[in-house]
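Notes for the one structure printed next.
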Amino acid sequence: MPTFYLTTPIYYVNARPHLGHAYTTIAADAMVRYRRLAGDDVRFLTGTDEHGDNIARAATAAGVSPQAYADEISATFREMWKSLGISNDDFIRTTEARHKKIVREVLQKLWDAGEIYLGTYGGHYCFGCERFYTEKEIVDGKCPDHQRPLEWIEEQNYFFKMSKYQDWLIGYIKDRPDLIQPGRYRNEILGFLRDPLQDLSISRPRTRLEWGIPLPFDDKYVTYVWFDALINYVSALGDLDSERTRRYWPHVRHMIGKDIVKPHAIYWPCMLKAAGLDVFRELRVTGYWTIEGQKMSKSLGNVVEPPAYTSKYGNDAFRYFLLREMVFGLDADFSDAAFRTRFNADLANDLGNLVSRVTTLIVNLAGGKVPAPDAVARPDDVSGLKAASERAAAETDRAMADFAFHRALAAIWEFIGAVNRYVDTTQPWALAKQPERRAELDTVLYALGESLRVLGVLLVPFVPEAATRIREGLGQPGAPRLSEVVWGRLAPGTPVAKIAGLFPRIEEKKEGPAASATTAPEPSHVSIADFRKVDLRVAEVIAAEPVPKSKKLLKLTVSLGAEQRTIVAGIAEHYAPADLVGKKVVVVANLEPAKLMGVESKGMLLAGSAGPVLGVLSPDRELPPGAKVS
Ligand code: ME8
């Protein structure tokens, strides 16, 4: 039996669980559900990362102890995963005794082996990232992540001799093309390893930071948060020589977001090598979600928390959207409109309707029992469905080996499409009106029931609740198995119940911002002639900078083809200047010039907004600056 041990990042307890955390955890959950379905010996770990400056500071700000703070947010994560139906076998917290014990054991082992020494370090430190930045990584004197100035810190610290593993690590990665996937992250790491690798500072003086695991060989220091956190993957299994560690550790795979590739692909293998532990089997890196084209951030107020969707549309719908919409490894965009479109098209129409149609047909036309197929009636179209189901199963298997959830779902939906077309072409309700065609009808209904049974297994990793309802409606007890995806296993005579309302269609919003337009006074009409007086043009942003002393305004230099001009736009809270440069936008070109905070603006930039979200209008095809908009 193959063994499969999968981990998610352990999330910091300084923010509540959001879409990004949920995606990684859901994708990992879909993967382990698939491996369990295939019969593997599976272990699935998630948890929370609770030490370090950030958490200590957040706790102080909240007026509670770091432990109380961590307890509360960690519980929020645990409950969120429970409510989303995540099937983790364990949940590790870095403040647990079982974790601290292993961290201290690993540190002691490395210390005894001479892998750690005391040295002095001076560097540019970002308190947000809790790490030092190299000169090369610093952008305009600031942390590229937090856009905050870095602070120069000099202190005595313990160092792990990471530099000595550089050549080994390069060789290890080069020998294993699949170790870090997708390949571009592997290339990025190999690129980084072309420069000399520094030793890793693995301690923080307690004078600066109390909230960490004390070093076993010098309790004036606590362990650096990454050194502490990475060890969770092994500490959760128990003692280093425990039965469980021996069983699962050699098979460990990590799923992480693209923000934390470096600690996982560089520090972690070196730490493992030095500690005499196997290096992970693979590192699977996911892309990042943006929200309606923008970075998800507290300051923009656009952070999506799962209950906003799951409470209305169910866990399966949210899961399906995330897994289907993101090409694993690349970035993707989340929007309410895209969610609704996929929900209605794929879940309500394609899957929900099919399940309701087929079960209703079997209940109404065959007395609620799966009829026996007739060996000679309609052999061609039945073998067509059989082949379609086999294609879906085979492609799902290939896709899941690549962590390509979107491809697996596309393959399953091809099959759903084939079954829907089969209902349309065979018209069982018409066959039922012709008693002499009973054998044909039975054969068609059997094929439809069998198709649903197959779906009730193939869908388990992706929409587990719907899959359970399908199997229950088709009288399929017991744990589903991929080995049952063999055409013809459905026993004639199996009772079938109608399954309705699996994914009720989302009707167009009647409440919310759209409705306010109907209750607000109707704007008076504008004649076409009047509208034509407004000169709308495509413009290209050449330069963008903040307007001094203004929180909201950006000064844009735009090109209208023949001329350049300055436009002041109130979008500074929504766009970083660098994000706008090179962007095509739409402007009102003949607006009376106006002075805003001392800067003359010649024209107006068009943008749409809904609540806290604001988006600048952009043509969706290549149009030259100056092109007329009408
Ligand atoms: O980095 N899109 O924890 P963290 C997709 N504690 N995924 C996202 C995302 C987004 N917009 N935002 C966050 C840490 N994520 C460390 C990890 S592991 C030993 C220690 C996901 O709470 C993604 O998986 O900042 C990312 O890697 C993770 O959340 C970071 O979570």
Side-chain angles (χ1 to χ4, degrees), residues 6-29 31 45-55 58 70 73-74 76-78 80-81 86 91-95 99 102-103 106 126 128-131 145-146 185 212-213 223-236 252-269 271-272 280 283-300 302-306 318 321-323 325-335 403 405:
L6 188 65
T7 68
T8 72
I10 48 168
Y11 305 109
Y12 285 131
V13 289
N14 58 356
R16 291 169 50 79
H18 60 55
L19 170 73
H21 307 126
Y23 171 72
T24 314
T25 310
I26 285 172
D29 185 67
M31 180 49 66
L45 175 71
T46 187
T48 44
D49 189 355
E50 308 187 4
H51 290 125
D53 264 331
N54 274 339
I55 286 139
I73 307 222
S74 177
T76 317
F77 273 93
R78 192 191 287 254
M80 177 72 76
W81 302 151
I86 300 300
F91 186 101
I92 181 103
R93 301 182 54 188
T94 55
T95 51
H99 172 71
I102 304 295
V103 170
V106 171
C126 171
C129 305
E130 299 188 347
R131 74 172 179 96
D145 254 16
H146 290 85
Y185 296 109
I213 303 175
T223 313
Y224 167 51
V225 68
W226 270 106
F227 197 93
D228 162 353
L230 288 161
I231 291 174
N232 91 87
Y233 299 132
V234 65
S235 71
V252 66
R253 293 154 203 270
H254 304 305
M255 192 185 282
I256 57 165
K258 66 176 185 182
D259 51 332
I260 53 178
V261 177
K262 199 171 138 191
H264 281 85
I266 295 181
Y267 310 170
W268 188 220
M271 286 165 64
L272 288 167
F280 49 81
L283 192 61
R284 288 281 179 174
V285 184
T286 81
Y288 247 48
W289 284 94
T290 52
I291 310 294
E292 315 227 352
Q294 281 183 283
K295 194 174 161 179
M296 179 163 63
S297 84
K298 264 193 199 161
S299 54
L300 291 184
N302 63 354
V303 175
V304 174
E305 293 194 8
F318 187 63
F321 178 81
L322 298 185
L323 296 172
E325 189 75 7
M326 184 176 255
V327 173
F328 189 86
L330 298 181
D331 293 346
D333 189 49
F334 187 94
S335 74
F403 282 58
F405 304 96

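A quick note: this is a predicted structure, and the numbers were derived from the prediction, not measured. Ligands are counted one by one from 1 in listed order, and the atoms in each one are counted from 1 as well.
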Min N/O separation Asp259 to ligand 1 under 3.5 Å: yes
Asn14 side chain vs Ala58 backbone, donor-acceptor pair below 3.5 Å: no
Ring centers of His18, Trp289 separated by less than 6.0 Å: no
Identity and distance of the protein heavy atom lying nearest atom 11 (N) of ligand 1: Trp289 O, 3.2 Å
For Asp49, atoms of ligand 1 separated by under 4.0 Å from a heavy atom: 6 (N), 16 (C), 20 (C)
Protein contact to atom 17 (C) of ligand 1 [nearest heavy atom, distance to 0.1 Å]: Ile10 O, 3.2 Å
Protein heavy atom at shortest distance from atom 24 (O) of ligand 1: Thr24 OG1, 2.7 Å
Donor-acceptor side-chain pairing of Thr76 and Arg16 below 3.5 angstrom: no
Enumerated ligand 1 atoms positioned under 4.0 Å from heavy atoms of Trp226: 17 (C), 18 (S), 19 (C), 20 (C)
Identity and separation of the nearest protein heavy atom to atom 8 (C) of ligand 1: Gly20 CA, 3.3 Å
Option passing side-chain contact (heavy atoms from CB on, under 4.5 Å) with Tyr12 (candidates Ile55, Thr48, Asn54): Ile55
Any N/O pair Thr286/ligand 1 closer than 3.5 Å: no
Proximity of Tyr233 to ligand 1 by residue part, where a heavy atom lies under 4.0 Å: side chain
Side-chain donor or acceptor of Asp29 paired with backbone N/O of Ile86 under 3.5 Å: no
Nearest-neighbour protein heavy atom for atom 22 (O) of ligand 1, which is reported as residue plus atom name and distance: Tyr12 N, 2.9 Å
For ligand 1, the portion of His264 having any non-hydrogen atom under 4.0 Å away: side chain
Sub-4.0 Å atoms of ligand 1 with respect to non-hydrogen atoms of His18: 12 (N), 13 (C)
Side-chain H-bond candidate by donor/acceptor type, Asp49 with Tyr11, under 3.5 Å: no
Backbone of Ile213 reached by a side-chain donor or acceptor of Thr223 within 3.5 Å: yes
Under 3.5 Å side-chain donor-acceptor pair for Thr7 and His254: yes
Check: Leu45 and Ile92 side chains under 4.5 Å, non-hydrogen atoms: yes
Contact check: Ile256 vs ligand 1, nitrogen or oxygen atoms, below 3.5 angstrom: no
Closest approach of any protein heavy atom to atom 28 (C) of ligand 1, naming residue and atom: Tyr11 CE2, 4.0 Å
Atoms in ligand 1 flagged as close to Ile260, the criterion being non-hydrogen separation under 4.0 Å: 1 (O), 17 (C), 27 (O)
Reference residue His51; test side-chain contact (heavy atoms from CB on, under 4.5 Å); the match among Asp228, Val103, Val13: Asp228
Close-contact set for ligand 1 against Met296 heavy atoms, below 4.0 Å: 11 (N)
Test item, Gly287 contacting ligand 1 (heavy atom, 4.0 angstrom): yes
Lys258-ligand 1 polar pair, N/O distance under 3.5 Å: no
Donor on one side chain, acceptor on other, Glu50 and Thr95, under 3.5 Å: yes
